[in-house]
Amino acid sequence: MRFSAESILEEIISIVADQATLDPSDLGAESLLRDLSLDSLSLIEVVFAIEEAFDIELPFDANNPDSGDFDISSIGSIVAAVENLVFEGKR
Amino acid sequence: MYRVAITGQGTINCLGRSVPETVAAMAEGRCGIGDLDILLRDRLSVRIGGQVRDFDPADHFERQQRSLYDRSVQFAIVAATEALNQSGLDISEALSPEVGVVLGSGCGGIQTLDQSYEALYGQGKNRVHPLVIPRSMTNAASSHVSMAWNLQGPCYSVSTACASSNHAMGQAFQLVRTGQARVMVTGGAESMLCFGGIKAWEGLRVMSRDGCRPFCRTRNGMVQGEGAAVFVFEEFGHAESRGAEILAEVVGFGMTADASDIVLPDPKGAARAIAGALRDAGTDSGSVGYINAHGTGTTANDRSECVAVRLALGVAAETVMMSSTKSMHGHLIGGAGAVELLACIAAVRDGIIAPTVGYRAPDPECDLDVVPNTARQHPVRVALSNAFAFGGLNAVLAIRSV
């Protein structure tokens, strides 16, 4: 499957909005996950849905969500991480 | 010791979405078993079951709840909602630590596991949904009921195959009776009508392909059902003091192990459980008006159960009414005893004796009054609910009219 930078942003907003029960139009690259009242289980569901959508493995550690290479603080930082994995070796 | 009242009951099963619907179906002798509507049905040899049809989880649960609840948990919560609403209990901060939950389940969230394995082995995926563990653990239903109503007392699950919910309700009875809890929400739930679940049962070759006809000479096996039933067991004085309607009183419980064979029943073990329940209830065999049989429709169970009832009840066995409602709702495995307690309550409360439907011809080895095909109206003082599980585990509950 091919993804553009725009379609990655759109897909991730859709996944996060679904878990946070928000309208996608309320979210943008600057939205911070800590403002969305996602509980820990919703967060791992977000990670799972992203992995399924893009067929990638995200380095997410639920024991220590803020550590590691995967910055999940905002929609934009998730998009950047996903772009890295999706476009890896294709540039 | 405290007396134990039943002040609420709830269910969902193939006969109905509530207790009134289910009891009405039992009184009509209506069979809820039909063609299964499940994935990969064409590859099944057994294609019938007591399936809950047209159940849309979105009608009952929010999206986040749906991703956390296996189908069996959904059924447990639907049943618990009806039971707790009927009880009229107000779970105050003071009462909450004295209210607990103990539910039975034979296999926990087996549909969740089945779907996960299908993704891994069938589709070749390398990941499963992140909530497979909390969805599939056997205590999921008990925990979600505890969370949904803020019940902070003893909470756990019991898993003893087909006796799970009777063992669970026996535990609830003891906890209230001894004062370890004021109220226990109890019963059982099961939903293993999925490809892997039915294939597993097919393997044992005890399943009927055309219907469940307990005690009938033409019987040829069991039929699976699914669903849940949940009850509110409450300390009698507590129920009386708040003016609650008391549906019946739980008076005795007996449990034994055959210690002989992992699948074949031994009538002596079952008979000891029945006698134990009567002794615990402080009543004699002559006061028993109705028995809801384990009555699976297998050759071995039904023959053995009739021997067991004769051993335990003596001459009273010749006149007692004993039916198997599995003929209508199928075998709910870990939820069986719970749905079947509904028939016992209908008997002691309203004198409704649910029939054994699908009965065609008498079997000399099952020559008790099995209430063939048509329900009866007859006052009953004491009713027993039998559950005899694989593993040789027997659990019998005794209830009394109030």
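This is a predicted model, so every value here is computed, not measured. Letters A, B, ... are given to chains in the order of the sequence lines, protein chains preceding strands, and every chain is numbered from 1.
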### Message
Is it the case that atom CD1 in B:I133 sees more than 12 heavy atoms from other parts of the structure closer than 6.0 Å?
### Response
no

### Task
Please report the shortest heavy-atom distance between A:E45 and B:S67, naming the atom on each side.
OE2-OG, 2.8 Å

### Message
Using a 4.5 angstrom heavy-atom cutoff, name the option from A:L41, A:D39, A:D55, A:V47 with the most pairs to chain B.
### Response
A:L41

### Task
Taking all non-hydrogen atoms of both residues into account, name the closest pair between B:Q64 and A:Q19 and its distance.
NE2-O, 3.4 Å

### Query
Is it the case that more than 12 heavy atoms not belonging to B:E202 sit under 6.0 Å from its CD atom?
yes

### Message
If you count every heavy atom of other residues, nucleotides or ligands that lies below 6.0 Å from B:D56 atom CG, does the total exceed 12?
### Response
yes

### Pairwise distance CD1(A:I44) to NE2(B:H129) - rounded to 0.5 angstrom
8.0 Å

### Neighbour count above 12 (heavy atom, 6.0 Å) for B:Q123 CD
yes

### Query
Got B:E62 and A:T21 here, is their nearest side-chain heavy-atom distance under 4.5 Å?
no

### Message
Just checking A:R34: does its CZ atom have more than 12 heavy atoms from other residues, nucleotides or ligands closer to it than 6.0 angstrom?
### Response
no

